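Everything below concerns the one structure shown next.
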2 protein chains.
Amino acid sequence: MQKQENLSKNQKIILDLIEKSSGPLKAYSILFNVKKQGIKAPLQVYRALDKLIEIGKIHKIESRNAFVACKNSNCQVSKATAFSICENCEDVTEVSNLKLSKYLSNFADKSGMKYNKYNLEFFGLCKNCKK
Amino acid sequence: MQKQENLSKNQKIILDLIEKSSGPLKAYSILFNVKKQGIKAPLQVYRALDKLIEIGKIHKIESRNAFVACKNSNCQVSKATAFSICENCEDVTEVSNLKLSKYLSNFADKSGMKYNKYNLEFFGLCKNCKK
DNA sequence: TTAATTATGTTATATTATTACACAGCGTTA
DNA sequence: TAACGCTGTGTAATAATATAACATAATTAA
Ligand SMILES: [Zn+2]
Ligand SMILES: [Zn+2]
Ligand SMILES: [Zn+2]
Ligand SMILES: [Zn+2]
């Protein structure tokens, strides 16, 4: 967990919830869990999520439409992300591998396209589930 | 385009549409476009999409909730996919790079997780849009 | 202190995807 | 034949995810 001084009230509430969660959270489950703190509408959640993603505090797991806290302290923006996802228990871990991130950040092919961002999702069975 | 002999009527209609499209198609746009061919309900579209993904004829672009035909003839199942996505014109290209796919298919880290599938999405500006 | 920017609150609505149920076609096999 | 499993279809209803539009407040910058 890092400093949250620049975050607004709703952003703090939602980041706090996501950071304390043991797994990915979905937007409407977040909404349900912060209703007692005065956040009443989906849009309030999505706005906070957008901001938190923008500053790299959380990431969206695209294949699950769910959100996790960034576990990579030097991941200031969500522009180079990799996750491993257990297809059985749906546990998600942020992959933090310097070789991998260098390889992907520098990846270029003959398409002439300049990449400035990537997101990678690995799927499989986690240690517990593959038994 | 490949043989479609084992596909059902709805699957053929929908694969044909996606293969002829110049870019990714969204499920409800597919539905709109196949109404004249008798496909009337979202579920008919999603069922065909699921099957086509399963057999590797199409892929889902997770960050866009859209579907593209597989452009990689040896991509029999959707278990190792990579795409480049232009954030301006939303054009999508399937990245087909042997070194990349080998690197990712063999990727292992200390988590003890065994990966059997991955999906990678690169973002940036395409040749046309970066001018 | 005006203006610009960022965040909030609220209602309504759009978009994406699934559940549930009934039934048809086809190959296997008892 | 009939019973069965399997795959696909058709239809209605609904769930889940996300955004538009508008009004207002709080914060920051000039
Ligand atoms: Zn991160
Ligand atoms: Zn697991
Ligand atoms: Zn492919
Ligand atoms: Zn472009």
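Hydrogens, waters and symmetry mates are skipped; everything else that's a heavy atom, side chains included, is used. All figures in this text were calculated on a predicted structure; none of them were measured in a lab. Order of the sequence lines fixes the chain letters, A, B, ..., with proteins taken first and strands second; residue numbering starts at 1 for each chain.
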Produce the list of close N/O pairs, under 3.5 Å, pairing protein atoms with atoms of nucleotides 10-17 of chain C; give distances to one decimal.
residue	atom	partner	partner atom	Å
C:dT16	OP1	B:Lys26	NZ	2.3
C:dA17	OP1	B:Lys60	NZ	2.6
C:dA17	OP1	B:Asn65	OD1	3.4
C:dA17	OP2	B:Tyr46	OH	3.1
C:dA17	N7	B:Tyr28	OH	2.8
C:dA17	N6	B:Tyr28	OH	3.1

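Mapping B:Lys9 and A:Asp50 onto DNA chain D by nearest heavy atom places B:Lys9 closer to the 5' end of the strand.
A continuous path of ILVMFWY side-chain contacts below 4.5 Å connects A:Ile14 to A:Tyr28, so both sit in one hydrophobic cluster.
To the nearest 0.5 Å, the span separating CG on B:Leu49 from CD on B:Gln11 amounts to 10.0 Å. Atom-to-atom distance recorded for B:Asp109:CG and A:Ser84:OG is 6.5 Å, nearest 0.5 angstrom.
Between B:Phe122 and A:Tyr118, the ring-plane angle classifies as perpendicular under the 30° and 60° cut-offs.
Proximity of A:Ser8 to the phosphate of C:dT6: no side-chain N or O atom is located under 4.0 Å from OP1 or OP2.
Cluster partners of A:Phe83, by chain and number: A:Ile61, A:Val68, A:Ile85, A:Val92, A:Phe123. The rule joins Ile, Leu, Val, Met, Phe, Trp and Tyr whenever side-chain heavy atoms lie under 4.5 Å apart.
Remark: B:Glu121 does not engage B:Arg64 in a salt bridge, criterion side-chain N to carboxylate O under 4.0 Å.
The salt bridge (charged side-chain N to carboxylate O under 4.0 Å, His left out) with A:Glu87 is formed by just one residue from the set B:Lys79, B:Lys117, B:Lys114; it is B:Lys117.
On the nucleic acid side, DNA chain D has its first and last nucleotide under 4.0 Å of a heavy atom of chain A at D:dT17 to D:dA21, going 5' to 3'.
For the residue pair A:Ser8 and A:Asn10, no side-chain donor N or O sits within less than 3.5 Å of a side-chain acceptor on the partner.
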